[in-house]
*Asks:* 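The structure is given below, and queries will be raised subsequently.
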Amino acid sequence: MSPIRTQWTRLIRFVAAETSQVHIGQPVDPTLDVGLAAWSKQVIRAHEILGSALDPAAQLTNYQEVKTVRCLGLNYTDHAAEAKMAKPPVPILFYKSLASIIGPNAPIFIPRIAQPVEDHLPDYEVELTIVIGKAAKNVSEADALDYVLGYTGANDVSFRKHQMTTSQWSFSKSFDNTTPLGPCIVSNNAIPDPQVIPLTCNLNGKTLQNGNTKDQIFNVRKTVAFLSQATTLEPGSVILTGTPAGVGYVRKPPVILRQGDVVRVWLGHGIGTLVSPVVEEGVARAKL
């Protein structure tokens, strides 16, 4: 199986000043952190790309084209250790609803059922995210990367009280508007080895997670091969691949997300910074 060859390196979704319409394109500046630029309201120059989201000649992906959101839990050795849990013998899989997905700069929404936050422990998790580019079923580890369109970032916001009351994590990790995804997709051609990507999470100016995908228990090849067993991974599916050590609920005292916070997750190799303010349902925003 031949790998996907895209005509772009970094893909963004943007509203063009000229048309006031949503377009797909590639940033003109190859070094620009598009997430930080968007957060600071900096003008981002981009070359528009035309075509189908899954046409190898164009390869455009927006959030309406996401098919399924799969996620791995406990996929970093240091995170399993800080959680005082054994390393899993096979990937721990859960799913997120599409309604949980939000884009760059959109607020993380803490619903009333996850308040007060001091009890429910809303938490951050920086994660490398795989974007599947063509249908994958029963693929081998050797061929797994041939099915990857590219990589992006995510913040797997988790509500620990709900999570810890059951062995099934989808409910506690699927509340509407709680999973930032972005800020761009970097082509698999630009990241031939996804196991060398640094990733961090910063809360209100303080770095709390600082990891590298080399520490994953199940690397990208193993993840795609395992999840494709007897199951078709559709083009447009995304896979969150777990988080490194440094999450908030294991800290003493716990670090939690609350109204007015700003979370920044960053991934290297051109993916960039995904910035998200935090809003609690029913809590008035402070006037500046």
Side-chain angles (χ1 to χ4, degrees), residues 4 6 10-13 33-35 53-54 59-76 79 91-98 100-104 106 108 124-133 136 144-145 147-158 169-170 173-174 178-188 190-191 193-201 209 211-224 226-228 233-244 263-276:
I4 298 169
T6 65
R10 294 199 300 161
L11 198 66
I12 61 172
R13 183 170 179 256
D33 186 324
V34 294
L54 299 168
Q59 299 290 3
L60 317 182
T61 296
N62 61 43
Y63 300 117
Q64 285 71 35
E65 294 173 305
V66 172
K67 295 295 191 299
T68 305
V69 183
R70 294 173 173 86
C71 311
L72 298 193
L74 290 178
N75 195 34
Y76 282 74
H79 177 48
I92 295 174
L93 174 66
F94 61 94
Y95 290 80
K96 281 180 176 283
S97 71
L98 294 180
S100 73
I101 302 298
I102 56 176
I108 296 165
Y124 51 83
E125 291 188 0
V126 58
E127 307 210 3
L128 174 70
T129 299
I130 305 165
V131 182
I132 297 296
L145 297 187
Y147 296 84
V148 175
L149 173 67
Y151 303 93
T152 189
N155 186 352
D156 178 17
V157 173
S158 307
W169 296 348
S170 290
K173 288 173 172 274
S174 285
T178 55
T179 307
L181 189 69
C184 68
I185 300 173
V186 175
S187 170
N188 67 324
I191 303 180
D193 182 3
Q195 303 312 139
V196 293
I197 300 176
L199 64 171
T200 66
C201 180
Q209 290 183 282
N212 192 291
T213 55
K214 67 182 176 59
D215 297 320
Q216 289 181 339
I217 298 170
F218 304 101
N219 63 25
V220 171
R221 288 184 182 273
K222 291 180 182 294
T223 296
V224 172
F226 180 86
L227 295 181
S228 73
L233 307 181
E234 296 180 90
S237 298
V238 298
I239 305 169
L240 281 66
T241 61
T243 198
V263 191
R264 301 172 186 238
V265 299
W266 171 86
L267 294 91
H269 292 253
I271 296 173
T273 307
L274 179 60
V275 186
S276 310

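Computation of the quantities below employed the complete heavy-atom set of this structure, encompassing side-chain atoms and omitting hydrogens, waters and symmetry-equivalent molecules. Start at 1 with the first residue, then count along the sequence.
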*Asks:* Give a yes or no answer on whether the side chain of Ser158 reaches the backbone of Asp156 with a donor-acceptor pair at less than 3.5 Å.
*Replies:*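 Yes; at least one donor-acceptor contact below 3.5 Å.
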*Asks:* Would you give me the side-chain donor-acceptor pairs under 3.5 Å for residues 265-276, sequence neighbours excluded?
*Replies:*
unit_1: His269; atom_1: NE2; unit_2: Val196; atom_2: O; d: 3.2
unit_1: Thr273; atom_1: OG1; unit_2: Asp33; atom_2: OD2; d: 2.7

*Asks:* Would you say the side-chain atoms of Asn75 pair up with the backbone N or O of Phe218, donor to acceptor, closer than 3.5 Å?
*Replies:*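 A pair under 3.5 Å: yes.
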*Asks:* Would a distance-only check, ignoring hydrogens and angles, find a side-chain to backbone donor-acceptor pair under 3.5 Å from Ser100 to Thr179?
*Replies:* no
*Asks:* Any non-hydrogen side-chain atom of Pro183 less than 4.5 Å from a side-chain atom of Ile12?
*Replies:* no
*Asks:* Taking side chain as C-beta onward, heavy atoms only, is Asn212 less than 4.5 Å from Pro198?
*Replies:*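 The answer is yes; the side chains approach within 4.5 Å.
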*Asks:* In chain order, what residues pass the salt bridge (Lys or Arg N to Asp or Glu O under 4.0 Å) check against Glu125, with sequence neighbours excluded?
*Replies:* Arg160, Lys173
*Asks:* By side-chain hydrogen bond (donor to acceptor under 3.5 Å, both in side chains), which residues pair with Thr243, not counting sequence neighbours?
*Replies:*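 By the side-chain hydrogen bond (donor to acceptor under 3.5 Å, both in side chains) rule, Thr243 matches Gln209.
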*Asks:* According to salt bridge (Lys or Arg N to Asp or Glu O under 4.0 Å), who are the partners of Lys214, at least two apart in sequence or on a separate chain?
*Replies:*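 Here no residue qualifies.
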*Asks:* Any chance you could measure Arg10, atom CZ, to Ser187, atom OG, to the nearest 0.5 Å?
*Replies:* 12.0 Å
*Asks:* Tyr76: which residues meet the side-chain hydrogen bond (donor to acceptor under 3.5 Å, both in side chains) condition with it, sequence neighbours left out?
*Replies:* Gln216
*Asks:* How far apart are the closest heavy atoms of Gly73 and Phe94, and which atoms are they?
*Replies:*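 That would be N-CE2, 4.0 Å.
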*Asks:* So, Thr178 side chain and Val157 main chain: donor-acceptor pair closer than 3.5 Å or not?
*Replies:*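 Such a contact is absent between Thr178 side chain and Val157 backbone.
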*Asks:* Between Cys201 and Val263, is a side-chain contact (heavy atoms from CB on, under 4.5 Å) present by the stated rule, with each step listed?
*Replies:* CA-CA 7 Å; Cys201 180; Val263 191; 3.8 Å; yes
*Asks:* Side-chain contact, heavy-atom cut-off 4.5 Å: Val69 with Ile101?
*Replies:*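 Of all side-chain heavy-atom pairs linking Ile101 with Val69, at least one is under 4.5 Å.
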*Asks:* Find the distance between CD1 (Ile217) and NZ (Lys222) and round it off to the nearest 0.5 Å.
*Replies:*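 The distance works out to 12.0 Å.
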*Asks:* Do you know which of Leu145, Val224, Asn188, Leu233 makes side-chain contact (heavy atoms from CB on, under 4.5 Å) with Ile130?
*Replies:* Val224
*Asks:* Does Thr68 have any side-chain contact (heavy atoms from CB on, under 4.5 Å) partners at least two apart in sequence or in another chain, and if so, which?
*Replies:* Arg70, Tyr95, Glu234, Ser237
*Asks:* If the condition is side-chain contact (heavy atoms from CB on, under 4.5 Å), which residues does Ala190 pass it with, not counting sequence neighbours?
*Replies:* Thr9, Val186
*Asks:* What's the shortest heavy-atom distance between Pro244 and Val126, and which atoms?
*Replies:* CD-O, 3.6 Å
*Asks:* Measuring only between side-chain heavy atoms, which start at C-beta, is Ile132 closer than 4.5 Å to Lys67?
*Replies:*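 Side-chain contact under 4.5 Å: no.
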*Asks:* Between CD1 of Ile239 and OG1 of Thr223, what distance do you get to the nearest 0.5 Å?
*Replies:* 7.0 Å
*Asks:* With sequence neighbours excluded, what pairs up with Ser228 under the side-chain hydrogen bond (donor to acceptor under 3.5 Å, both in side chains) test?
*Replies:*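 Checked Ser228 against side-chain hydrogen bond (donor to acceptor under 3.5 Å, both in side chains); zero matches.
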*Asks:* Report the residues that fulfil side-chain contact (heavy atoms from CB on, under 4.5 Å) with Ile92, sequence neighbours left out, ordered by chain and then residue number.
*Replies:* Leu74, Pro88, Trp169
*Asks:* Could you walk me through whether Tyr151 and Val220 pass the side-chain contact (heavy atoms from CB on, under 4.5 Å) check?
*Replies:* CA-CA 11 Å; Tyr151 303 93; Val220 171; 4.0 Å; yes
*Asks:* Quick check for you: to the nearest 0.5 Å, what is the distance between Asp193 atom CG and Arg221 atom CZ?
*Replies:* 8.5 Å
*Asks:* Could you report the tightest heavy-atom contact between Thr213 and Pro194, atom names first, then the distance?
*Replies:*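 Looks like OG1-O, 2.7 Å.
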*Asks:* Mind checking side-chain contact (heavy atoms from CB on, under 4.5 Å) for Thr152 and listing every partner two or more places apart, or none if nothing turns up?
*Replies:*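 By the side-chain contact (heavy atoms from CB on, under 4.5 Å) rule, Thr152 matches Thr129, Val131, Leu181, Ile185.
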